[in-house]
Protein chains: 2
Amino acid sequence: MERTKEQLMDLMMKRMKEQIKNKKYKMTSQRQVVLRAFVESDSRHLSADDVFEIVKKQAPEIGLATVYRTLDLFTEMDLLKKLDFDDGCSRYELNDHDEEGHYHHHLICLGCGKVWECKDDLLETLETILQKQFHFQTVDHQLKVYGYCEDCQKKRAAEAAKEAEEAAETTVQ
Amino acid sequence: MERTKEQLMDLMMKRMKEQIKNKKYKMTSQRQVVLRAFVESDSRHLSADDVFEIVKKQAPEIGLATVYRTLDLFTEMDLLKKLDFDDGCSRYELNDHDEEGHYHHHLICLGCGKVWECKDDLLETLETILQKQFHFQTVDHQLKVYGYCEDCQKKRAAEAAKEAEEAAETTVQ
DNA sequence: ATGAATGCAAATTCTTTGCATGGCT
DNA sequence: AGCCATGCAAAGAATTTGCATTCAT
């Protein structure tokens, strides 16, 4: 069950390399260093600037813009998850989805802003459980559900069909 | 069950006036106009700039800064709820919590960005229900829970006690 | 009359972009 | 070689702040 940081780094690197092969991306030292920042860091939720500060130690010449671009890319690659804790900047966490579909939730303290995590084995009477397990006094919650509405599902299906068709033509040629 | 816009406006105005009495706030025409923007608007989730554009028609001299300050104030007063749909700005909605504790959730389409609302009668197998009721294909969700951690609960309790004490002293004098 | 609220403009903060240069593949 | 990725600086966008003035109480 336990996994060392090296093993995690290897796993994430493997996942990055898979995607780099498929798509037209390149492996760069900057990208490795950014990924490592997340694996090594003790704090789970890093902002672009947090990452920048960490990464400058290993690669002093790196630019903040590169960090932003890398975070975007990793999010698109599903290596990271973009989060928002209402603290004025986007934060990111490693997306190591070991158990499929097991999200975790974020408890944000209105007093000190600290963020706690809780597994989602339980979407039962949420607040009762938060109270019991975390002694967290819930004031409010906001659930955001991301996905595709009916229209966009159709659009995407149509696009996928068209792409498949084009791919087939290319192969024939 | 149905409520006209005038009734809603009256209700919200009443709630504002209550708070203005208690605290040291003042009733201004700008604040009324901003509140009205939310009551009258057909779109439920307004950004600061949306509000600014609406409100300029009624009060052309108003400043964007005032809109921001008013939105903050209303949020603090619990008249509005601050939302975040990942579209680069904060949005606000009327907080008319008729049925206590009945939140609603936001479905954000990854394709077109449209936002849907669903009542929270049901925090059962979420995705199944979203699929059935909204034909919404869930890809991911993010639940944010706001409240107070154990430490802050203690701090707040202590502060409340101190304030009560001071108030008592003042009364005695 | 007093202090809170406003409008305006400048300042901040986070993030993105343009472009010349460097570095994977 | 080709072209993606980088660094830097400038641009953008959302939000906040300072300050003189206005306005509610």
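Heavy atoms of A:R69 sit under 4.0 angstrom from at least one base atom.
Going from atom CG of B:D49 over to atom P of D:dT16 covers 14 Å, rounded to whole Å. Following rounding to the nearest Å, B:E61 (CD) and D:dT21 (C1') show an atom-to-atom distance of 14 Å. Note: NZ (B:K24) to C1' (D:dC23) measures 19 Å, nearest angstrom. To the nearest angstrom, P of C:dA5 lies 13 Å from CD of B:Q19. Separating the CG atom of A:L73 from the P atom of D:dC4 is a distance of 13 Å, rounded to the nearest angstrom. In this structure, B:F52 places its CZ atom 13 Å from C1' of C:dT6, rounding to the nearest Å. The separation between B:M27 atom CE and D:dA24 atom P is 11 Å, rounded to whole Å. The NZ atom of B:K23 sits 19 Å away from the C1' atom of D:dT25 (whole-angstrom rounding).
Listed nucleotides: C:dT6, D:dG7, C:dT15. Nearest to the side chain of A:L64: C:dT15. Of all nucleotides listed (C:dG7, D:dC4, C:dC14), C:dC14 comes nearest to the side chain of A:C89. The listed nucleotides are D:dT15, C:dT6, D:dG7; the one nearest the side chain of B:R31 is C:dT6.
Comparing A:A65 and A:D87 by the nucleotide of DNA chain C whose heavy atom lies nearest to each, the residue mapping closer to the 5' end is A:D87. With DNA chain D read from its 5' end, the first of the two nearest nucleotides for A:A59 and B:R91 is the one closest to A:A59.
Distances shorter than 4.0 Å separate none of the side-chain N or O atoms of B:Q30 from OP1 or OP2 on D:dC23. In this structure, A:T28 does not reach the C:dG23 phosphate: none of its side-chain N or O atoms is under 4.0 Å from OP1 or OP2. Between B:Y68 and the phosphate of D:dT16, there is no side-chain N or O to OP1/OP2 separation shorter than 4.0 Å. Taking 4.0 angstrom as the limit, A:T70 places none of its side-chain polar atoms (N or O) nearer than this to OP1 or OP2 of D:dA5. Note on A:S90: a side-chain N or O is less than 4.0 Å away from OP1 or OP2 of C:dT15. For B:T66 and C:dG7, the shortest distance from a side-chain N or O to OP1 or OP2 is below 4.0 Å.
B:L11 places none of its side-chain heavy atoms less than 4.5 Å from the side chain of B:Q7. Looking at heavy atoms from C-beta onward, A:Y146 lies in side-chain contact with B:D86 at the 4.5 angstrom threshold. Inter-residue side-chain proximity for A:M77 and A:I20 is flagged as met; some heavy-atom pair is nearer than 4.5 Å.
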| task | Check step by step if side chain to side chain contact (heavy atoms under 4.5 Å, CB included) holds for B:V55 and B:T66. | result | CA-CA 11 Å; B:V55 146; B:T66 300; over 6 Å; no

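For B:T75 and B:D72, the side-chain atoms include no donor-acceptor pair closer than 3.5 Å.
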